[in-house]
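For reference, the structure discussed in these notes is given below.
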Protein chains: 2
Amino acid sequence: MYAEPDLRELPLRERKKLRTRRALADTALRLFTERGYDRTTCDDVADEVEVSKRTLFRNFATKEDLAMAADAELWDAFLDEIETGPLTGPVVETLRRTIYEVLTGLDEDWDRRFLATRALVAATPALHVHGLRFCATTIDRAVTRVAAATGLADGLRLRLAVEVTIAAWHTASLTWSEAGGPDGRRGLIRHLDEAFSALPDVLALAP
Amino acid sequence: MYAEPDLRELPLRERKKLRTRRALADTALRLFTERGYDRTTCDDVADEVEVSKRTLFRNFATKEDLAMAADAELWDAFLDEIETGPLTGPVVETLRRTIYEVLTGLDEDWDRRFLATRALVAATPALHVHGLRFCATTIDRAVTRVAAATGLADGLRLRLAVEVTIAAWHTASLTWSEAGGPDGRRGLIRHLDEAFSALPDVLALAP
DNA sequence: ACATCTTTTGGCACTGAGTGCCAAAGTCTG
DNA sequence: CAGACTTTGGCACTCAGTGCCAAAAGATGT
């Protein structure tokens, strides 16, 4: 569903639109990386793709969204999975499993783009925030979904569980990208394993 | 230090500047709440305070900062505390204690402003993100500081500890504000107690 | 192949956030 | 009160993002 079975089976119109969208995201990531996020305007990107600025902003609501398309793919897929898949067992464990499944189902090229995005974010304070945006809205929707599906009424505990999961994700993706993103998504999953297995002892962590 | 012993002891120039800053933040919070964040321009705020837009942006880097001045106060004080105070015992426990200390040391009026800010954020998707920004940059700086002070070299575990603390904070402040912010900061602290004491069992939370 | 309906695009003018610059005003020091 | 220093105002500017509508292009039925 998120792999890439979408190229030749769609009506021409949608195929073109999708191609434009990808060209925009790819070009943006490249230009932002080469010249810097702040020193690249949205017009630059639109020009390079030979598309009007208006079209760019119909595909991506903000410049940040344009830069973080890879993140959006991940979390969209995550929410899709959560809204359709089964939810049994401990919440944190379920969410963790879902992340793994989503990760392995993503586009071939996703690793590279995601890592490049991390580098870009690390170099761009203004973007730093928006990396969290996906996490935040995803948390909200995940909480709603999990509450509905499991009947867990304890809002505080449930939200805490989701937030802790995201904390683990966040930490893992950071350490992974700081290490240069070794071994693609398999490496990322290793860092996730590390983070999740570190969780139980975190409260006791002391100098 | 963050109470309010700053009114009559400062040179006139700084006193005025501080007053302008506060007027801007207060007026902004009021106008944003009354008319809505998106339907209030920065010029509106500047006009109301009878100050040029240029001055507004010398005091607050962005419109978001203007709206979330209360958050900034909290986290600035938190970082100050962390950079000067002692750091012994379990990291999460220390950070928790620091939050409590900072909370009790804040301005009289802080409760009201913070709660109003939460309501504003809840009503404004665009702001939703920036509430996390303080958390994020605070996490980074806190990690650095704690690492330096305790000699904890395990970046992953340390960051995880800080992130989990912030997750608890975030959850608590949300449930507190959703409950209408009962009992001011004492109520907030109760929610924090709840969140922190729920942490150990969160990994096992299941339907 | 053609007319028609629908979706997408381009281009333009506009709002609003945020910045650089410099002169004017205000504050501080002696 | 003079001169140093800081803050402010105002203007012109860049750039992100939007509303609008006409033109282009794909889809559909005959």
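So that the names make sense, note that chain A is the first sequence line, chain B the second, and so on, each numbered from 1.
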Value in whole Å for how far the P atom of dT27(C) lies from CZ of Arg19(B): 11 Å

Under 4.0 Å protein heavy-atom contact, by nucleotide of nucleotides 25-30 of chain D - B base, S sugar-phosphate only: BBS---

Lys17(A) NZ to dG10(C) P, straight-line distance once rounded to whole Å: 12 Å

Exam field: side chain Asp65(B) to backbone Phe60(B), donor-acceptor pair closer than 3.5 Å: no

Rounded interatomic separation in angstrom, taking CG from Asn59(B) and C1' from dG18(C): 14 Å

Sub-4.5 Å side-chain heavy-atom contact between Phe114(B) and Leu106(B): no

SB check Arg190(A) Asp193(A) (cutoff 4.0 Å): no

Nearest-angstrom distance from the residue atom CG of Leu24(B) to C1' of dG9(D): 14 Å

Between dG16(C) (P) and Asp44(B) (CG): distance, integer Å: 8 Å

Base versus backbone protein contacts along nucleotides 10-16 of chain D [heavy-atom cut-off under 4.0 Å; B, S, -]: BB---SB

Flag, side chain of Thr27(B) to backbone of Leu24(B), donor-acceptor distance under 3.5 Å: no

Backbone N/O of Val121(B) and side chain of Thr124(B): donor-acceptor pair under 3.5 Å: no

Side chain proximity check, Val91(B) to Thr150(B), heavy atoms < 4.5 angstrom: no

Validation row: Leu95(B), Phe78(B) side chains within 4.5 angstrom (heavy atoms): yes

Atom pair distance, as rounded to whole Å: NE2 in His130(A) and C1' in dG17(D): 13 Å

Backbone of Asn59(B) reached by a side-chain donor or acceptor of Arg21(B) within 3.5 Å: yes

